[in-house]
Structures are given as C-alpha cells and as structure tokens.
Amino acid sequence: MKNAPDWKSRETAQQQRWIYALKNYIVDAILLIALGLVMLIWPQWSLQIIFKWVGIGFIVTGLIKGVIYFTKKEKKERSLSDLLVGIAQLAAGIFVVVKAEFLSSHFPTVAAILLAYGAIMMIVRAVRMKDGDQNKFRLSLILGIVTLVLAVVVFVHPAVLANLMMQATGIAMIVEGISLLIVMAQKEKGE
C-alpha cells in the first residue's frame with residue numbers, strides 16, 4: 001500500500017490553491033472597483049495618468065531597443081532601423097510624459113476631427129449609393145449625419161468626450177470588479 005495516493009494531502013493542497021486564488025481575485029476585484037471609482041470621479045486626471053503610463057512604456061521599450069542594439073556583439077546582428085525606432089520611442093515617451101496634461105486636454109479635439117472625417121466619408125459613400133439600395137443609402141446617410149453631429153459636439157465641448165470616456169471605462173471596471181466578487185462568492189457557496 002506504499003503507492004496509494006494520499007487523498008487528504010491532495011485535498012488540502014487544492015483547498016490551499018483555492019484560498020490563494022480567492023484572495024488574489026478579491027484583491028483584483030477591489031483594485032478594479034477602486035480604479036473604476038477614481039476614473040469615474042476624476043476622469044480628466046485619470047486620462048493624464050494613462051498618458052504618463054503610455055509615455056513610460058515608450059521610454060522603457062526605447063531604452064530596451066537601444067540596450068539590445070549596443071549589446072549585440074556581431075555588427076551584422078545590429079539593425080540601424082531598430083536603433084532609430086528605439087530613439088524615436090524614447091523621444092516620444094519623454095514628450096508624452098512631459099506633456100501629458102497638454103495631450104489629455106487636446107485628445108478630444110483630435111478625436112473630434114477624426115470622427116468628423118469618418119462621418120464625412122460615410123456621407124459621401126451614402127450619396128454614391130443613392131441610386132442603389134435605398135435602405136443602405138438612408139442608413140448610411142443617417143449614421144453619417146449623427147456621427148458628424150456628435151463630432152461637432154465633441155469639437156465644441158472637448159472635455160465631454162474625455163470625461164465620458166474615462167467615466168465609461170470607470171463604470172466598466174467597477175462592474176467587472178463587482179462581477180468578480182459575485183462569481184467568487186458563488187464559487188465559494190458551491191464548494
């Protein structure tokens with residue numbers, strides 16, 4: 001009977017893994033809810049922080065590419081384009097970190113311009129379809145006009161888009177955190 005499995009120790013190990021996972025999920029859920037609340041309450045500040053983290057990511061990847069370039073022993077393994085991309089990423093990262101407030105305040109304006117361009121292209125396509133399927137023509141025209149109106153609203157009131165985007169993301173994170181807690185509570189009841 002030396003080879004018989006020790007079911008009691010297996011069960012204990014599974015319970016310990018479950019407790020560890022449960023604690024991690026609870027921490028994740030609480031962090032999601034907290035971050036979601038921050039994004040919901042302070043959307044403009046949250047956008048600046050996101051820009052700074054993106055900038056830091058560019059800086060890190062730029063530095064890594066530079067280090068890789070200079071640490072390769074063989075010249076033929078080195079790629080000047082990799083070094084140039086690394087330098088560009090480093091410069092872009094520094095710019096984004098330093099100008100996060102400026103970028104976050106102008107982000108909605110750029111988004112509005114892109115929305116307006118897309119809306120105009122949709123309207124042009126709709127006009128080209130005028131002689132074809134009338135349902136597609138009407139739908140494309142209506143969607144193009146609605147998108148154009150939204151683009152104008154965002155352009156005139158740029159803070160609306162930035163705040164709504166951050167608040168919507170915050171709400172989604174809160175819902176995900178609560179969902180995670182509910183799933184964990186249901187799993188605990190079932191076990």
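A quick note: this is a predicted structure, and the numbers were derived from the prediction, not measured.
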Identify the heavy atoms of [X] and [Y] that sit nearest to each other, and give their distance.
X: Phe58; Y: Gly93; answer: CB-CA, 3.5 Å
X: Gly144; Y: Ala119; answer: O-CB, 3.4 Å
X: Ala116; Y: Ala151; answer: N-CB, 3.5 Å

Going only through I, L, V, M, F, W and Y residues with side-chain contacts under 4.5 Å, is there a path from [X] to [Y]?
X: Leu148; Y: Ile142; value: no
X: Val152; Y: Phe155; value: no
X: Val67; Y: Val60; value: no

Working to the nearest 0.5 Å, report the span between CD1 of Ile64 and CG of Asp82.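 The distance works out to 13.0 Å.
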How does the hydrophobic cluster around [X] look, that is, which other residues are in it when side-chain heavy atoms under 4.5 Å mark a link?
X: Met121; result: Tyr117
X: Met122; result: Leu139, Leu143
X: Leu84; result: Tyr69, Phe70, Leu80, Leu83, Ile87

Taking ring pair (Phe, Tyr, Trp, His ring centres under 6.0 Å) as the test, write out the residues that go with Phe102, two or more places apart.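 With neighbours one apart ignored, the set is His106.
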Could I get the full list of side-chain contact (heavy atoms from CB on, under 4.5 Å) partners for Leu141, not counting sequence neighbours?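 With neighbours one apart ignored, the set is Ile123, Ala126, Phe137, Ile145.
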Go through the structure and list residues passing side-chain contact (heavy atoms from CB on, under 4.5 Å) with Ile59, not counting sequence neighbours.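 So Ile59 forms a side-chain contact (heavy atoms from CB on, under 4.5 Å) with Leu63, Leu90, Ile94, Val97.
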Kindly indicate whether the side chain of Lys52, heavy atoms from C-beta on, has any atom under 4.5 Å from the side chain of Val96.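 Heavy-atom side-chain distance check fails, nothing below 4.5 Å.
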